[in-house]
A.B. asks: 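Before I ask anything, let me first share the structure, which is written out below as structure tokens.
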Amino acid sequence: MQKNNIVPMKKSFLIVPGILVILLAVFFGCKKTTPVEPCDKTGRICITNKLDSVATIQITQMNHVFDLDRDYMECLVVTGDNPYNFKISCNTYYLDTTIMILSCDDLQLVLE
């Protein structure tokens with residue numbers, strides 16, 4: 001009769017920890033998390049004017065035009081993952097370029 005009492009006890013010692021491990025895996029392992037966007041899908045570009053005169057900068061997609069004085073920097077926060085067309089001009093300098101600004105980018109454009 002002792003053998004019959006010992007056998008169920010051995011089985012319960014194996015089953016209880018097994019069920020506990022499965023329950024822990026289900027509750028803590030299957031937790032749904034949302035991905036974190038560290039910069040809210042925005043990018044930043046800083047334009048520095050090292051030319052001898054004031055530069056006029058036009059960003060076509062934003063309908064934004066501004067003048068940038070000599071040795072001055074202007075930073076813009078824009079929607080990431082988009083191309084932006086920059087038209088930069090002054091007395092002796094002209095640049096028409098498209099720059100792809102990705103999310104979380106921190107770009108530096110130096111006019112020399």
Side-chain angles (χ1 to χ4, degrees):
M1 278 200 171
Q2 269 183 329
K3 286 186 177 182
N4 290 340
N5 290 339
I6 295 174
V7 172
M9 200 65 135
K10 286 182 181 179
K11 288 181 182 178
S12 66
F13 278 131
L14 295 176
I15 292 174
V16 171
I19 291 173
L20 186 62
V21 168
I22 290 171
L23 289 175
L24 289 173
V26 168
F27 287 120
F28 295 110
C30 298
K31 186 184 240 184
K32 186 176 180 181
T33 59
T34 56
V36 176
E37 289 291 333
C39 48
D40 296 328
K41 297 184 180 179
T42 60
R44 187 173 88 146
I45 184 165
C46 294
I47 304 168
T48 305
N49 184 6
K50 295 289 186 181
L51 299 171
D52 291 336
S53 62
V54 176
T56 302
I57 296 151
Q58 176 185 3
I59 306 170
T60 309
Q61 286 75 8
M62 297 173 60
N63 294 324
H64 187 57
V65 178
F66 61 95
D67 291 331
L68 193 60
D69 292 330
R70 181 180 179 198
D71 293 327
Y72 186 74
M73 179 173 65
E74 179 78 25
C75 293
L76 303 165
V77 177
V78 296
T79 304
D81 301 326
N82 288 317
Y84 289 90
N85 186 285
F86 291 87
K87 292 181 182 177
I88 303 166
S89 62
C90 70
N91 294 341
T92 60
Y93 188 84
Y94 180 78
L95 177 66
D96 186 358
T97 187
T98 301
I99 299 174
M100 180 72 173
I101 300 175
L102 301 174
S103 294
C104 301
D105 269 355
D106 192 7
L107 301 176
Q108 179 81 25
L109 177 63
V110 179
L111 309 176
E112 293 184 300

A.B. asks: Identify the two heavy atoms, one from Met100 and one from Asp105, that lie closest to each other, and give their separation to 0.1 Å.
C.D. replies: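 In this case the closest contact between Met100 and Asp105 is O-OD2, 4.1 Å.
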
A.B. asks: Is it the case that one hydrophobic cluster holds both Phe66 and Tyr93, taking links as side-chain heavy atoms less than 4.5 Å apart, direct or via other members?
C.D. replies: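 Linked within one cluster.
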
A.B. asks: Go through the steps for Leu51 and Arg70 under the test side-chain contact (heavy atoms from CB on, under 4.5 Å), then give the verdict.
C.D. replies: CA-CA 6 Å; Leu51 299 171; Arg70 181 180 179 198; over 6 Å; no

A.B. asks: Side-chain contact test, heavy atoms from C-beta onward, threshold under 4.5 Å: evaluate it for Ile59 versus Val78 and give yes or no.
C.D. replies: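 Counting from C-beta outward, Ile59 and Val78 never come under 4.5 Å.
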
A.B. asks: Would you indicate whether the side-chain heavy atoms of Tyr84 and Ile45 approach each other to under 4.5 Å?
C.D. replies: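 No, every pair of side-chain atoms sits at 4.5 Å or beyond.
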
A.B. asks: With hydrophobic residues grouped by side-chain heavy-atom distances under 4.5 Å, do Val54 and Met73 end up in a single group?
C.D. replies: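 No.
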
A.B. asks: Show the numbers, then the answer: is there a side-chain contact (heavy atoms from CB on, under 4.5 Å) between Asp52 and Thr92?
C.D. replies: CA-CA 9 Å; Asp52 291 336; Thr92 60; over 6 Å; no

A.B. asks: Do the non-hydrogen side-chain atoms of Asn82 and Gln61 ever get within less than 4.5 Å of each other?
C.D. replies: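 No; the side chains remain at least 4.5 Å from each other.
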
A.B. asks: Within this structure, what is the NZ-OG1 distance for the pair Lys87 and Thr97, rounded to the nearest 0.5 Å?
C.D. replies: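 Output value for this atom pair is 12.0 Å.
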
A.B. asks: Taking a hydrophobic cluster as the set of Ile, Leu, Val, Met, Phe, Trp and Tyr residues connected by side-chain heavy atoms closer than 4.5 Å, whether directly or through intermediates, do Tyr72 and Val65 fall within one such cluster?
C.D. replies: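 Looking at the clustering, Val65 is in a separate group from Tyr72.
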
A.B. asks: Report the distance from atom CZ of Arg44 to atom SG of Cys104, rounding to the nearest 0.5 Å.
C.D. replies: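 Output value for this atom pair is 12.5 Å.
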
A.B. asks: OG1/Thr42 to CG/Leu102 distance, rounded to the nearest 0.5 angstrom?
C.D. replies: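 Taking OG1 in Thr42 and CG in Leu102, the distance rounds to 12.0 Å.
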
A.B. asks: Counting only N and O atoms by type, is there a donor-acceptor contact under 3.5 Å from the side chain of Asp81 to the main-chain atoms of Ser103?
C.D. replies: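 Judged by distance alone, yes, a pair lies under 3.5 Å.
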
A.B. asks: What are the two closest non-hydrogen atoms of Ala55 and Cys90, and how far apart are they?
C.D. replies: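 Looking at all heavy atoms of both residues, the shortest contact is CA-CB, 4.0 Å.
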
A.B. asks: State the CG-CG distance between Asp71 and Asn49, to the nearest 0.5 angstrom.
C.D. replies: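 Result: 7.5 Å between the selected atoms.
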
A.B. asks: As an exercise, state the distance from OG1 of Thr48 to CG of Leu68, rounded to the nearest 0.5 Å.
C.D. replies: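 Those atoms lie 7.5 Å apart.
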
A.B. asks: Mind checking the CG-OG spacing from Asp67 to Ser53? Nearest 0.5 Å is all I need.
C.D. replies: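 So the gap between those two atoms works out to 10.5 Å.
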
A.B. asks: Can you tell me which residue among Leu76, Ile99, Ile47 is in a side-chain contact (heavy atoms from CB on, under 4.5 Å) with Leu107?
C.D. replies: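 Among the candidates, only Ile99 passes.
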
A.B. asks: Is it true that Leu95 and Ile57 fall in one hydrophobic cluster, defined by side-chain heavy atoms closer than 4.5 Å?
C.D. replies: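 Leu95 clusters together with Ile57.
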
